[in-house]
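Below you'll find the structure, written out as structure tokens, and then a few comments.
Chain naming here is simple, since letters A, B, ... match the order of the sequence lines and numbering starts at 1 in each. Note that these values count all heavy atoms, side chains included, but never hydrogens, waters or copies made by symmetry.
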Number of protein chains: 2
Amino acid sequence: MTKTKDKNTEEQILMAAKDVFQTKGMDGARMQEIADKAGINKAMLHYYYRSKQLLFEAVFKNAFSLLAPQLNKILNDNSSIEDKVKNFSSNYISFIIKHPYLPNFIIQELNRNPDFIKNIQENNSILNIDKFKAQVALEVEQGILKPTKGDQLFINILALNIFPFVAKPLVKAFVKTDDQGFKKLMEQRKTEVSEFIIHSIKQH
Amino acid sequence: MTKTKDKNTEEQILMAAKDVFQTKGMDGARMQEIADKAGINKAMLHYYYRSKQLLFEAVFKNAFSLLAPQLNKILNDNSSIEDKVKNFSSNYISFIIKHPYLPNFIIQELNRNPDFIKNIQENNSILNIDKFKAQVALEVEQGILKPTKGDQLFINILALNIFPFVAKPLVKAFVKTDDQGFKKLMEQRKTEVSEFIIHSIKQH
DNA sequence: ATCTTTGCTAACCAAATGGTTAAACTTTAT
DNA sequence: ATAAAGTTTAACCATTTGGTTAGCAAAGAT
């Protein structure tokens with residue numbers, strides 16, 4: 001066998017699986033559909049990944065490992081809270097526009113099986129808001145920020161950035177717009193969200 | 001047959017179905033599990049609701065009809081934006097603590113089948129943000145609010161209130177807390193969220 | 001009392017689905 | 001060239017699953 005062909009099939013499968021799992025979820029996904037999309041025999045899925053469960057986990061870990069660095073930007077770099085908020089909101093929204101099914105996939109599957117988060121925390125050491133909380137406390141003390149609780153602020157940042165994508169059908173219905181209009185709305189939010197947050201927490 | 005027994009079985013089924021569908025989703029739910037939970041024979045599910053799809057739709061419409069009035073509070077009553085935000089945040093969070101699976105269920109299933117939203121808009125006439133947007137524009141003009149886009153504000157209000165429940169496993173992991181601590185955090189948010197929003201948009 | 005309608009169950013069915021196997025084909029090593 | 005190892009497929013299998021059926025049981029109507 002050629003090493004290249006090898007990798008190709010295995011990766012083909014992973015890509016197809018990603019496609020199907022992210023749109024249909026674990027329960028809705030069909031092995032046959034993944035095989036068809038990868039252009040191979042169904043037995044190959046088991047040859048490379050043993051079972052649906054393991055293939056799913058491969059896809060899930062892959063997805064999460066894309067998201068984690070985004071979150072780390074806000075948790076563990078050294079810029080000011082204001083800069084973090086600005087950068088994160090802009091970057092994150094750009095990121096999701098490129099991977100639209102990702103947040104929903106992760107949230108849906110974490111709700112289906114909350115134990116997954118344990119696996120993740122073991123592999124992804126740095127998902128820790130302690131530093132962020134300490135920094136918020138410090139900037140509050142320094143009079144840069146109004147009195148603000150770090151964990152609530154973090155939840156708010158995530159909420160404002162992630163929610164619209166997770167609830168996309170709902171948002172589209174309320175704002176009465178199509179995919180085009182939705183994308184425009186999200187582009188607006190790249191600056192809108194950070195301004196909204198900064199206005200709320202910055203001392204003036 | 002007694003008319004009461006009649007109603008009882010049908011409702012028993014709906015309650016069991018609600019339970020199973022809301023935790024497992026359409027694809028993960030099993031008719032047998034619903035029957036077991038309702039304490040009846042599987043054939044009864046079809047006797048009363050014909051098919052899994054129709055039973056699911058009954059549950060879904062039921063769930064949405066619980067949520068809709070909550071949203072209407074913020075869209076179509078006559079209080080000021082500030083009061084709306086305060087009331088909505090407090091009421092909505094109380095409401096969800098009582099129905100914890102609801103937002104996730106609705107969002108998950110709307111993503112699975114975006115056409116559902118059409119059915120809903122036909123039955124639930126008043127899911128319309130026009131009045132809210134007009135009110136925001138007016139209060140901006142009057143100098144009560146800073147320049148603010150109505151639709152973005154509405155998205156933000158939803159995001160801040162709904163997201164933590166949808167992403168509960170994620171939030172729990174980040175904040176490193178259990179169900180107790182999560183609930184406390186959400187109780188805090190009843191006032192926290194509205195203050196956060198008001199601080200951001202109110203002219204001072 | 002008995003006849004009809006309605007509620008309910010056990011047993012059954014066909015299709016779908018995740019997974020396996022045996023054999024063929026390819027590539028690599030000797 | 002040939003053997004060994006890795007890759008791929010068609011056919012198959014057992015189980016699960018949504019759904020049906022035929023008949024029993026209970027209640028209401030006559």
(message) Do A/Lys190 and A/Ser94 pair up side chain to side chain, a donor and an acceptor below 3.5 Å, judged on atom types alone?
(response) yes

(request) Ignoring hydrogens and angles, state whether a donor on the side chain of B/Glu109 or B/Asn113 is under 3.5 Å from an acceptor on the partner side chain. (result) no

(message) Quick check on D/dT16: is either OP1 or OP2 less than 4.0 Å from any side-chain nitrogen or oxygen of B/Arg30?
(response) no

(message) Taking only side-chain N and O atoms of B/Tyr48, does any of them lie within less than 4.0 angstrom of OP1 or OP2 on C/dC8?
(response) yes

(request) Under 4.0 Å between any heavy atoms, over every strand shown, what does B/Ala35 touch: base, sugar-phosphate, or nothing? Just pick one. (result) nothing

(request) For B/Lys42 and D/dG19, give me the distance from atom NZ to atom C1', rounded to whole Å. (result) 6 Å

(request) Figure out the CD1/P separation between A/Ile40 and D/dA10, and round it to whole Å. (result) 11 Å

(request) Whole angstrom is fine here: how far is it from OH in B/Tyr47 over to C1' in D/dA22? (result) 15 Å

(request) Side chain of A/His46 only, please: which of D/dT8, C/dC8, C/dG19 is the nearest? (result) C/dG19

(message) Less than 4.0 angstrom between a side-chain N/O of A/Thr9 and OP1 or OP2 of D/dT8, yes or no?
(response) yes

(message) Looking at B/Asp19 and B/Lys37, is any side-chain nitrogen of the basic one under 4.0 Å from a carboxylate oxygen of the acidic one?
(response) yes

(request) Go through D/dA10, C/dT9, D/dG18 for me and flag the one nearest to the B/Asn41 side chain. (result) C/dT9

(message) Determine whether the aromatic ring centres of residues A/Tyr92 and A/Phe165 are separated by less than 6.0 angstrom.
(response) no

(request) Would you kindly give the CG-to-P distance between B/Asp36 and D/dG18, to the nearest whole Å? (result) 12 Å

(request) Round to a whole Å and report the spacing from CD of B/Gln32 to C1' of C/dC12. (result) 14 Å

(message) Rounded to whole Å, please give me the gap between CD1 in B/Ile13 and C1' in C/dC8.
(response) 11 Å

(request) Among the candidates C/dG18, C/dA10, D/dT9, find the nucleotide nearest to the side-chain atoms of B/Ala43. (result) C/dA10

(request) Please state how far atom CE in A/Met31 lies from atom P in C/dG18, giving the value in whole angstrom units. (result) 7 Å

(message) Given C/dG19, D/dG18, D/dT8, identify the nucleotide with an atom nearest to the side chain of A/Met44.
(response) D/dT8

(request) Send over the distance from A/Asn8 CG to D/dG6 C1', rounded to a whole Å. (result) 16 Å

(message) Using salt bridge (charged side-chain N to carboxylate O under 4.0 Å, His left out), reason through A/Lys133 and A/Asp151 one step at a time and then give a plain yes or no.
(response) CA-CA 7 Å; A/Lys133 280 168 74 173; A/Asp151 37 20; 3.8 Å; yes

